[in-house]
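All heavy atoms count here, side chains included; hydrogens, waters and symmetry mates do not.
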Amino acid sequence: MTALKNDRFLRALLKQPVDVTPVWMMRQAGRYLPEYRASRSKAGDFMSLCMNPELACEVTLQPLDRYPLDAAILFSDILTVPDAMGLGLYFETGEGPRFKKTVSSMADIEALPIPDPEQDLGYVMNAVRTIRRELNGRVPLIGFSGSPWTLATYMVEGGSSKDFRKSKAMLYENPQAMHALLGKLAQSVTSYLNGQILAGAQAVQIFDSWGGSLSAAAYQEFSLAYMQKIVDGLIREHDGRRVPVILFTKGGGLWLESMADSGAEALGLDWTCDIGSARARVGSKVALQGNMDPSVLFAKPEAIRAEVGRILASFGHGNGHVFNLGHGITPEVDPAHAGAFIESVHELSARYHG
């Protein structure tokens with residue numbers, strides 16, 4: 001494989017020295033970029049874009065052609081796994097993702113297959129291979145998946161939910177069924193991420209978008225325990241390098257210590273968590289990724305720069321920080337503001353290294 005020209009991101013995840021703090025953005029390939037909107041209209045719809053390896057590669061590389069980012073992230077969706085389990089993913093305009101079939105009983109769960117990454121999700125593996133080839137060592141490629149709990153909520157609810165009424169009812173009323181579903185999902189996600197690693201992903205992130213909706217006890221039992229199973233089952237060395245794992249639970253700031261014990265190399269933080277306090281709590285056990293409020297990007301470039309400076313000062317000197325937003329960049333952001341953000345991270349962080 002081609003040698004990496006910029007491995008700052010991987011070095012930071014392993015808490016190794018870097019010249020400046022690396023930066024990437026969740027949803028960096030997305031609707032805030034006019035070139036993304038052009039590619040999507042060429043594809044016809046969102047799922048056609050995901051399922052076309054050449055177009056998925058095109059949109060993955062678009063932000064890198066515009067900004068000096070330190071990592072690329074595979075363009076895909078967390079719901080590819082439940083779709084490959086036969087639930088029939090589709091997108092309603094203004095409604096977000098929906099499933100034709102839902103999961104509501106032990107019989108439904110027992111009928112779910114474990115998808116084969118190359119057979120059932122081959123379009124994702126082909127996208128990873130295409131992106132790695134086209135990146136040609138510019139920056140590392142991040143693969144990803146949703147967490148078992150997050151995927152389960154969509155499968156039980158049939159789509160997005162504000163209160164997770166059906167999922168939580170199953171969790172409390174029929175924990176045996178919920179554990180069976182989460183066990184299947186942990187197995188599926190492990191093989192899916194391992195497939196991405198073998199295809200060329202150089203780090204992976206588990207997105208636990210809805211773990212923060214759980215009580216402390218339920219989070220440990222129904223979310224973190226299954227992410228732990230995935231971490232334990234992942235390929236951790238490939239192509240002669242360590243493959244770091246990032247766990248990101250939105251709203252998970254209360255549970256950082258137990259997340260840090262999972263064996264993941266890094267924890268993603270949302271913006272509700274002070275990064276300096278998080279660093280004091282987890283010590284040198286893990287690297288930290290985050291964690292600017294995405295809404296800061298609606299402010300003027302001087303205000304963006306000031307907030308970047310504040311977060312860098314809060315983390316302080318030393319290694320183990322990957323700068324990111326605390327959640328995905330929003331579609332209405334001015335691309336020039338994203339550029340000012342990335343430039344500020346590189347410029348202001350040099351003094352904290354070396």
Side-chain angles (χ1 to χ4, degrees), residues 5-9 11-13 18-40 58-73 75 135 138-140 142 205 207 246 248 250 253 266 268-279 287-354:
K5 299 173 183 80
N6 170 2
D7 67 351
R8 240 181 234 143
F9 166 71
R11 293 177 67 79
L13 290 178
V18 288
D19 54 340
V20 295
T21 303
V23 57
W24 68 281
M25 297 182 291
M26 290 186 270
R27 294 204 194 115
Q28 63 190 24
R31 289 177 292 168
Y32 72 105
L33 291 177
E35 54 268 43
Y36 168 85
R37 294 195 292 273
S39 301
R40 178 164 166 165
E58 184 178 292
V59 296
T60 298
L61 299 184
Q62 284 167 351
L64 298 172
D65 293 337
R66 202 184 253 264
Y67 311 117
L69 290 154
D70 294 298
I73 183 164
F75 180 79
L135 274 173
R138 272 162 80 179
V139 292
I142 306 165
Q205 176 158 317
F207 282 88
I246 307 161
F248 173 62
K250 186 167 182 280
L269 305 175
D270 67 22
W271 66 91
T272 62
C273 199
D274 177 76
I275 199 164
S277 312
R279 189 182 186 189
L288 294 173
Q289 177 179 278
N291 65 331
M292 193 173 87
D293 182 345
S295 300
V296 173
L297 296 177
F298 294 125
K300 290 192 165 67
E302 312 81 76
I304 295 169
R305 189 177 175 87
E307 183 60 3
V308 166
R310 188 196 67 73
I311 292 166
L312 286 167
S314 177
F315 184 87
H317 288 265
N319 309 315
H321 183 198
V322 170
F323 213 112
N324 205 321
L325 304 175
H327 203 235
I329 185 169
T330 42
E332 302 75 19
V333 165
D334 178 341
H337 287 203
F341 160 64
I342 293 154
E343 192 178 288
S344 300
V345 174
H346 285 153
E347 274 181 24
L348 299 177
S349 64
R351 57 179 290 229
Y352 294 101
H353 300 282

### Heavy atoms of other groups near Arg40 CZ, more than 12 under 6.0 Å
yes

### Query
Hey, does Trp271 have a side-chain heavy atom less than 4.5 Å from the side chain of Val296?
no

### Task
Report the C-alpha separation of Phe341 and Phe323 in whole Å, then their side-chain angles, then the decisive distance to 0.1 Å, and conclude whether the ring-ring contact (aromatic ring centres under 6.0 Å, His included) test is met.
CA-CA 10 Å; Phe341 160 64; Phe323 213 112; 5.7 Å; yes

### Task
Quick one: do Phe248 and His327 satisfy side-chain contact (heavy atoms from CB on, under 4.5 Å)? Show the steps, please.
CA-CA 9 Å; Phe248 173 62; His327 203 235; 3.9 Å; yes

### Summary
Smallest heavy-atom separation, Pro140 atom then Phe9 atom, equals CG-CD2, 4.0 Å

#### Entry: Contacts of type side-chain hydrogen bond (donor to acceptor under 3.5 Å, both in side chains), residue Arg37, not counting sequence neighbours
none

### Query
Side chains of Val20 and Val345: closer than 4.5 Å at any heavy-atom pair?
no

### Task
Kindly compute the distance separating CZ (Phe75) from CG (Leu61), expressed to the nearest 0.5 Å.
12.5 Å

### Query
Got a second to check how far Asn6's CG is from Leu64's CG, nearest 0.5 Å?
10.0 Å

### Minimum heavy-atom distance between Leu13 and Ala266, given as atom pair plus value
CD2-CB, 3.6 Å

### Message
If you apply the rule side-chain contact (heavy atoms from CB on, under 4.5 Å), what do you find for Ile342 with Met25, and how did you get there?
### Response
CA-CA 9 Å; Ile342 293 154; Met25 297 182 291; 4.0 Å; yes

### Message
Quick check against the 3.5 Å criterion: does Gln28 have a side-chain atom that pairs as donor or acceptor with the backbone of Ala71?
### Response
yes

### Task
Would you mind listing every salt bridge (charged side-chain N to carboxylate O under 4.0 Å, His left out) that reaches into residues 316-327, with sequence neighbours excluded?
none

### Query
Nearest 0.5 Å, what's the CD1-CG distance between Ile311 and Asn291?
5.5 Å

### Task
Quick one: sort the Tyr32 and Tyr67 rings into parallel, tilted or perpendicular, breaks at 30° and 60°.
parallel

### Query
Where the side chain of Asn324 meets the backbone of Gly268, is there a donor-acceptor pair that is under 3.5 Å apart?
no

### Summary
Rounded to the nearest 0.5 Å, the CG atom of Leu325 sits from the CG atom of Leu269 at a distance of 12.5 Å

## Note on the structure
What one should report as the nearest heavy-atom pair of Ala287 and Ala12 is CB-O, 3.6 Å

### Query
For Trp24 and Ile73, what are the C-alpha separation, side-chain angles and deciding distance, and is it a side-chain contact (heavy atoms from CB on, under 4.5 Å)?
CA-CA 9 Å; Trp24 68 281; Ile73 183 164; 3.6 Å; yes

### Query
Hey, what do you get for CG (Asn319) to CZ (Arg11), rounding to the nearest 0.5 Å?
8.5 Å

### Query
Got Val59 and Glu35 here, is their nearest side-chain heavy-atom distance under 4.5 Å?
no

### Query
If you look only at pairs with a residue in residues 329-350, which of them pass as a side chain to side chain donor-acceptor pair (under 3.5 Å), with sequence neighbours excluded?
Asp70-His346, Arg305-Glu347

### Summary
Nearest heavy-atom approach of Gly326 to Met26 is C-CE, 3.9 Å

### Query
What orientation do His321 and Phe315 show, parallel under 30°, tilted 30 to 60°, or perpendicular over 60°?
parallel

### Query
Under 3.5 Å, side chain of Asp274 to main-chain N/O of Ser314, donor-acceptor pair present?
no

### Query
Quick check: are there more than 12 heavy atoms from other residues, nucleotides or ligands sitting under 6.0 Å from NZ of Lys300?
no

#### Entry: Exercise: identify the closest heavy-atom pair between Leu135 and Ala72
CD1-CB, 4.1 Å

### Check: Leu33 main-chain N/O paired with Arg66 side-chain donor or acceptor under 3.5 Å
no

### Message
Just verifying a value: how many Å separate Ile329 CD1 and Arg27 CZ, rounded to the nearest 0.5 Å?
### Response
10.0 Å

